[in-house]
Asks: 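Input: one structure, supplied below.
Naming: A, B, ... by sequence-line order, numbering from 1 per chain.
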Amino acid sequence: MGTLILRRLAWTLPLLFLVSVLTFVLLALTPGDPAAAILGTAATPEKLAALRESMGLNDPWYVQYANWLTAALSGDLGTSLINKTPVIGQLMSRLPVTLSLVAAATLVSAVLGIGFGVFSAVRGGWAGRLADGFSMLGFAIPNYWLGLILVLIFAVQLRWLPATGFTPLTNGVGAWLASITLPVVTLAVGGVTMIAKNTRDAMRDAMGRDFIDNLRAEGWSEQRIVFRHALRNASIPIVTSIGVFFVGVLGGTVLVENVFAMPGLGGLAVSATGSHDIPVLLGVTLFFCLGVVIANLIVDVVYGLLNPKARTS
Amino acid sequence: MSPRSPIHRRGLSAVVAATAAAVVFALSGCAGSADDGSTDAASGEAIIGGTLTIGQKQAVSTLDPATSAPPTYVFPAYEPLIYQQPDGSLIPALATEWGYTDDTNTTFEVTIREGVTFADGGTLDADAVKASLERFLSLEGNPNATYAGPVESIEATDDDTVVIHYSSAFPVAPLSLSQDWRFGLIISPDGLANPDSLATETHGAGQYVLDASATVDGSSYTFEKNENYWNPDAVKFDTIQMKVISDTAAQLAALESGEIDYANNAPSQTVTTATAEGFQSAPTIGVLPNLMLVNRDSGPLSDQRVREAISLALDRGSLASAVFGEGAEAQSTIAIAGQLGSTGSATIEQNIEQAKQLLADAGYADGVTISLLSIDGIDPNFTIATAVQSQLAEAGITAELIQATGSFDNFIGPLYSGDADAAVWQWSIIDTYYQFSTNLVPAGGLGNPQGTTDDELTAAFDAASQASEDDLDAAMQAVVARYDELNWTVPIASVPNGQLFAKDIGNLPADPSVPQSMNIFSPDPDTSIERVG
C-alpha cells in the first residue's frame with residue numbers, strides 16, 4: 001500500500017508541471033488583455049503599452065512562464081494582475097467554500113446514490129426501471145437550470161433557504177447548512193443518479209453470483225447477504241463512479257458558485273477569466289489539478305483496501 | 001426482504017401522488033407575485049438604522065479609491081471634497097467653499113471643513129488633503145489620473161486652504177473633486193503612510209468604515225457606521241453590505257427573496273421583470289453607444305456630407321429598442337439631456353433619401369464603402385455593428401466589418417493606424433467637458449486618433465475652458481453644437497444603468513443626471529435614499 005501511494009505521489013509533480021505549461025500556453029493564446037481590463041475607456045496605445053510593460057506582459061510567453069515557475073517552486077504563486085493581492089491568499093480564502101460544496105455534494109451523492117442503487121437492485125422490477133429513468137433525467141438536467149428552479153421555489157417563493165451567498169461554518173452550523181443546501185442539491189442530482197445506476201448494475205451482477213446462493217443456503221439473512229457480501233463485491237465500480245463524480249463536481253462548482261454568488265474557487269476562475277488574470281487562473285487550475293490527484297489517490301487507496309490484489313497491480 | 005404486497009404498492013403510489021401534488025402546489029406559487037405590478041414610489045416615515053444590502057453586478061478590483069473599479073465600493077467610506085447630488089448640483093462635503101481665484105480657470109481654491117476626523121482617527125486639514133491629491137496624481141499606472149485635469153501643483157496655503165494650480169484652463173475643477181471623478185476622495189495620512197493597506201482596508205472620512213472581519217473578498221463587503229463622521233444626521237443606516245452577484249438571474253432572485261434592497265447595474269431585462277413585480281426602478285445615466293468616424297483626413301469620411309449621410313441613415317429608435325433594450329433612448333447629440341452643454345436638439349430621424357442625396361452631392365451617387373471596426377468586448381456578438389451595417393446599406397453605404405476579438409490591441413491598432421474608417425464604441429457618460437478635453441478634441445485621444453482639427457471647434461472649446469462657472473453651460477453648448485454639426489461621432493442611443501430598489505426604499509432620485517452616484521452617502525440627509533415604513 002505504501003508503495004502504491006508513493007508511486008502515485010511521484011507522478012504528481014510532473015503532472016502539475018505539465019498542466020501548468022499547457023494552461024499557460026492556452027491562456028497566452030486565448031484572447032484577453034488585463035491591461036485593457038484595468039484601463040477601460042481610458043485606454044490609449046501609449047497607456048496600454050506602458051501598463052503592459054510594468055506588468056511584464058511584453059515578455060515572450062516562455063519568459064513569463066519561467067518567471068512564474070521559478071517563484072511557484074518556492075511556494076509563491078504570484079500576485080493578481082488586477083488587484084495585486086497574493087494569489088495563494090485568494091486561493092486559500094476561497095478553498096473552504098469550494099471544499100464545502102464538493103465534499104457535501106459527494107457525500108450526499110454517495111449515500112443517496114448507493115442507497116437508491118441497492119434498493120432498486122434488490123427490489124428489481126419497477127424500482128429498477130425507475131432508477132434507469134431518473135438516471136437519464138439526472139444526466140439530462142442542466143445544473144444551471146436546476147439551480148435557478150430551486151432558487152425560485154425554495155428561496156423566492158417559500159423563503160426557506162437563501163438565494164445567494166455562503167455562511168462559514170464558524171458562523172453556525174445551521175446557517176452554514178442553509179447556505180449550501182441549494183448549491184449542494186444542484187451539484188448532487190447528477191451524481192445521485194449516476195451512482196445509483198452504477199450501484200444497481202454492480203449489485204445485480206454481484207447478487208447473481210453463485211456465492212450468494214451458497215450464503216442463502218447456509219441460512220444467512222438477506223440483509224446481511226446484501227450489505228456485507230454483495231455490496232462489498234460490488235464496491236469497486238461504485239468507488240470508481242464516486243471518484244469520477246468528485247472530479248466532475250469540481251468543474252461544476254464554476255457554474256454553481258456563480259448562480260449562487262458563492263465566493264469559491266469556481267467563481268474566482270470566472271472573474272479571473274474575464275479579466276485575463278493569468279496568475280490567478282494558473283493558481284486555480286493547479287488547485288483543481290491537485291484536487292483531482294488527491295481524489296484519484298484516495299480512490300486507489302480504497303481500491304487497495306477493498307481488493308488486496310489491487311495493491312500490487 | 002418480504003415480497004411486495006398490494007398494501008405496500010398502494011402506499012407507495014400515495015407517496016408519489018402526494019409528492020407530485022406538493023411540487024405542483026409549490027410551482028403554482030411561481031406563476032407570479034400577488035403584487036399588482038404597480039411601481040408607486042415608497043413613502044412613509046424614514047426608518048433610521050438597520051442594514052442596507054446592495055447587490056453589485058461586478059466584483060471590485062481594489063478598495064483603493066484612486067483606482068477602484070467600480071468605484072461604488074469605496075463611496076461608503078470615502079467622502080469627497082465636493083458631493084455631486086443626483087440632479088447634478090454640487091454641495092459641500094469635506095470642503096465648505098471653493099472657487100477660482102483668477103479669470104483663466106487655472107487657479108482653484110478650496111476651503112477644508114474644520115473639525116473633521118478620519119475614521120482611523122487622523123485629522124483632516126489642508127496638508128492631509130494636499131497629500132491625498134498628490135498621491136492620486138503620482139500613483140503609477142493610475143488609469144483615472146486624467147480625471148484630475150492638467151494639475152501643475154498643489155499648495156496648502158494655511159491649515160484649511162488648498163490651492164490647485166492648473167497648467168491650462170480647466171473649468172470643471174469643482175466637478176473633478178466630486179465623488180465620481182475619484183480625485184477628491186480623500187485618504188487619511190495613516191492610509192497614505194501604509195499604501196499597501198488601501199487595497200483591503202478603508203482610510204476615509206466617509207459615513208462608513210469597512211468591517212474587515214465581516215468582509216469576504218470578492219464576495220461580500222460590510223461597512224459599519226463611522227462614529228467619527230462629521231454629520232451623523234446624514235447617516236441613514238447602521239450597516240451597508242455589498243454582495244457580489246454577477247449572475248443576472250441570481251441578482252433578480254436575491255431582490256425577489258429580500259436578500260438585497262438595491263440591485264446595482266441591473267440589465268434591462270431584469271429591470272423589466274422586477275418592475276412588473278412591483279420593485280422600484282430609478283436608473284442612472286450609463287453609456288452612449290456611437291459610431292466614431294475617425295478617418296476624417298482622407299477618404300470618404302473626410303467629406304462632412306458623407307458623415308452626415310451616415311447619421312441620417314440610422315434609425316436610432318429601432319436600434320435603441322432592439323439592440324439595447326428597455327430604457328434606452330435614441331440619441332443624436334454627444335451631450336445627453338441634463339448634461340453640461342446639452343443643446344436640447346431634437347433627435348435626428350432616419351432619412352434615407354436625404355442621405356442618398358448628400359452622398360450624390362459628395363460624388364458618391366453609386367454608393368460608398370467604409371470599413372467599420374468593432375470589438376466583442378464592447379459590442380458582444382457584434383450586434384451593434386451588424387445592425388448598423390444593414391441600416392447603412394439602405395442608403396448605399398457599404399460597411400465592411402472588421403471584427404476584432406480578445407486583446408484591446410486588436411481594436412486600438414486599426415483605429416490609430418487608419419485601417420479602420422469608423423468604429424463602434426460606447427462612451428461611459430461622465431461629463432461632457434471631460435469627454436471633449438480627454439477624448440474628442442486632443443490629437444491622439446480615443447475619439448480623435450488621427451488628430452483631426454477644426455478651427456471653429458477649437459475656438460469654441462478654448463472659450464469654454466476659459467468660461468466662468470455661470471457661463472460654462474452656454475459655452476459648452478457651442479462646443480457640442482459644432483461637434484454635432486461635424487459628425488465626427490455619430491451617437492446612436494443613451495443606455496441607462498439599471499438600478500432596482502426594494503418596495504420599502506424611499507427618497508429615490510427622480511431624474512438623475514449623474515453617472516454612478518448611488519445616492520446613499522450624500523451629506524444632505526434630505527436627498528439620500530432611506531428605508532420607509
Asks: Check whether more than 12 heavy atoms from other residues, nucleotides or ligands sit under 6.0 Å from atom CZ of A:R216, and answer yes or no.
Replies: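 For A:R216, atom CZ is crowded (more than 12 foreign heavy atoms under 6.0 Å).
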
Asks: Tell me, for A:F166 versus chain B, whether the close heavy atoms (under 4.5 Å) come from the side chain, the backbone, both or neither.
Replies: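 No part of A:F166 comes within 4.5 Å of chain B.
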
Asks: What closest approach, in Å, do A:A261 and B:V244 show between heavy atoms, and which atom pair accounts for it?
Replies: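 Looking at all heavy atoms of both residues, the closest pair is CB-O, 3.5 Å.
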
Asks: How close do A:A163 and B:S257 get, counting heavy atoms only, and between which atoms?
Replies: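 Looks like CB-OG, 3.8 Å.
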
Asks: Which heavy-atom pair separates B:S219 from A:P263 by the least distance, and what is that distance?
Replies: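 Smallest heavy-atom distance, with atoms named: CB-CB, 3.0 Å.
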
Asks: Mind checking what makes ring-ring contact (aromatic ring centres under 6.0 Å, His included) contact with B:F183, not counting sequence neighbours?
Replies: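 With neighbours one apart ignored, the set is B:F136.
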
Asks: Counting heavy-atom pairs under 4.5 Å with chain B, which one of A:P162, A:S221, A:S80, A:G147 comes out on top?
Replies: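 Most pairs with chain B among the choices: A:P162.
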
Asks: So what's closer than 4.5 Å to chain A heavy atoms on B:A253: side chain, backbone, both or neither?
Replies: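 Both parts, heavy atoms under 4.5 Å.
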
Asks: Measuring from atom CE of A:M262 to atom OG of B:S220, what distance do you get when rounded to the nearest 0.5 angstrom?
Replies: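 Interatomic distance, A:M262 CE to B:S220 OG, rounded to 0.5 Å: 12.5 Å.
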
Asks: Against chain B, label A:V151 side chain, backbone, both or neither, depending on which of its atoms sit under 4.5 Å from a heavy atom there.
Replies: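 Contact with chain B: side chain only.
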
Asks: Under a 4.5 Å heavy-atom cut-off, does chain B meet the side chain of A:T164, its backbone, both or neither?
Replies: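 For A:T164, backbone and side chain are both near chain B.
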
Asks: Of the non-hydrogen atoms in B:E256 and A:R159, which two are nearest, and what is the gap between them?
Replies: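 Residues B:E256 and A:R159, closest heavy atoms: O-NH2, 2.7 Å.
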
Asks: How long is the straight-line distance from OG1 of B:T248 back to CG of A:N258, given to the nearest 0.5 Å?
Replies: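 So the gap between those two atoms works out to 10.5 Å.
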
Asks: Could you grab the distance from atom CG of B:D247 to atom OH of A:Y144, nearest 0.5 Å is fine?
Replies: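 Rounded to the nearest 0.5 Å, the CG-OH separation comes out at 3.5 Å.
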
